[in-house]
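Inspection log for the structure reproduced underneath, given as structure tokens.
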Amino acid sequence: TVAATSQAPIASPSTTSRNTSNPLVVITMGSDSDLHVLQGAFEILELFKVPYDFTITSAHRTPVRMSELAKSAADRGIRVLIAAAGGAAALPGMLASETPIPVIGVPVKATHLDGQDSLLSIVQMPRGCPVATVGINNSTNAAMLAVRILGTADAGYRKAMADYMEKMCREVEVKAARLQEIGWK
Ligand code: RP5
């Protein structure tokens, strides 16, 4: 299982918001070799206390399993799918072709093409089947976008995101003030 791998996300049972029964967000990946890239997404979903689950579904190696996830997602109450894949990254697009809920693709740097192959595969979906694509290996932004999507229908997530943005802003202002103190203009 994923949890048994050495790259499993680190979250203590008392604080984890992983929820295998009623997740709002499901992260899936083409291979367990993608797991390390998803650490940022796990951290954000934990921070915003989003019920989430994660699994492995490969468009190429497990097409039926992938299809089952996509087809059941809406009825399971899942609001957003995050799909990470490297190489010829068909996974996010294939999921999007079988579910009406939003799919966010995370291109993974996994081959000699350094993730450019995955980025172009994911972002260049044909008209009518959108995948929201974040930067290469940037699962943090995938999770943040998922929280923003949840925030369109949930004031709690919306407020939490606004607070997060405010905090980021203050942090930059503090850094800028420090730089001014040491004479850096
Ligand atoms: C893709 O192929 C996976 O998403 C992964 O990024 C890449 C390599 O997979 P492994 O050969 O490491 O299983 O399908």
Side-chain angles (χ1 to χ4, degrees), residues 1-11 16-20 23-47 50-74 76 78-150:
T1 66
V2 175
T5 71
S6 57
Q7 295 170 330
I10 300 152
T16 186
S17 65
R18 188 176 182 198
N19 183 328
T20 54
L24 291 179
V25 174
V26 167
I27 301 176
T28 187
M29 62 206 92
S31 166
D32 63 346
S33 65
D34 299 321
L35 193 51
H36 66 287
V37 166
L38 291 165
Q39 189 61 42
F42 293 125
E43 285 168 11
I44 293 296
L45 296 175
E46 291 284 346
L47 183 67
V50 175
Y52 70 94
D53 197 10
F54 59 92
T55 189
I56 302 171
T57 56
S58 165
H60 307 288
R61 294 170 180 159
T62 67
V64 174
R65 181 177 164 79
M66 176 214 63
S67 180
E68 282 169 358
L69 170 64
K71 284 183 172 147
S72 66
R76 286 175 59 198
I78 298 167
R79 304 279 166 78
V80 184
L81 286 173
I82 294 174
L91 178 62
M94 289 302 295
L95 289 166
S97 76
E98 298 204 86
T99 180
I101 69 171
V103 177
I104 303 171
V106 182
V108 174
K109 179 177 167 176
T111 74
H112 293 295
L113 295 178
D114 283 341
Q116 304 274 345
D117 44 356
S118 173
L119 172 64
L120 296 178
S121 302
I122 295 174
V123 80
Q124 204 64 2
M125 283 298 292
R127 176 171 52 86
C129 193
V131 170
T133 310
V134 296
I136 297 167
N137 281 11
N138 197 340
S139 74
T140 300
N141 270 5
M144 297 202 65
L145 181 55
V147 174
R148 285 178 180 228
I149 292 170
L150 295 177

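Numbers for residues simply follow the sequence, beginning at 1. As the structure lists them, so they are numbered: ligands from 1, and atoms in each ligand from 1.
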Q: Give the minimum heavy-atom separation between Val26 and Leu69, together with the two atoms involved.
A: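 Closest approach of Val26 to Leu69: CG1-CD1, 4.2 Å.
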Q) At their closest point, which heavy atom of Met66 faces which heavy atom of Ser58, and how far apart are they? A)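 Closest heavy-atom pair between Met66 and Ser58: CB-O, 4.1 Å.
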To the nearest 0.5 Å, tell me how far [X] [atom1] sits from [Y] [atom2].
{"X": "Ile122", "Y": "Ile136", "atom1": "CD1", "atom2": "CD1", "answer": "9.5 Å"}
{"X": "Ile27", "Y": "Thr55", "atom1": "CD1", "atom2": "OG1", "answer": "11.0 Å"}
{"X": "Leu150", "Y": "Leu45", "atom1": "CG", "atom2": "CG", "answer": "8.5 Å"}

Q. Contact residues of ligand 1 with a heavy-atom cut-off of under 4.0 Å?
A.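 The answer is Gly30, Ser31, Ser33, Asp34, Arg61, Ala85, Gly86, Ala110, counting any residue whose heavy atom sits under 4.0 Å from ligand 1.
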Q. Under the side chain to side chain donor-acceptor pair (under 3.5 Å) test, which residues partner Asp53, sequence neighbours left out?
A.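 Scan of Asp53 (side chain to side chain donor-acceptor pair (under 3.5 Å), adjacent residues dropped) gives Arg18.
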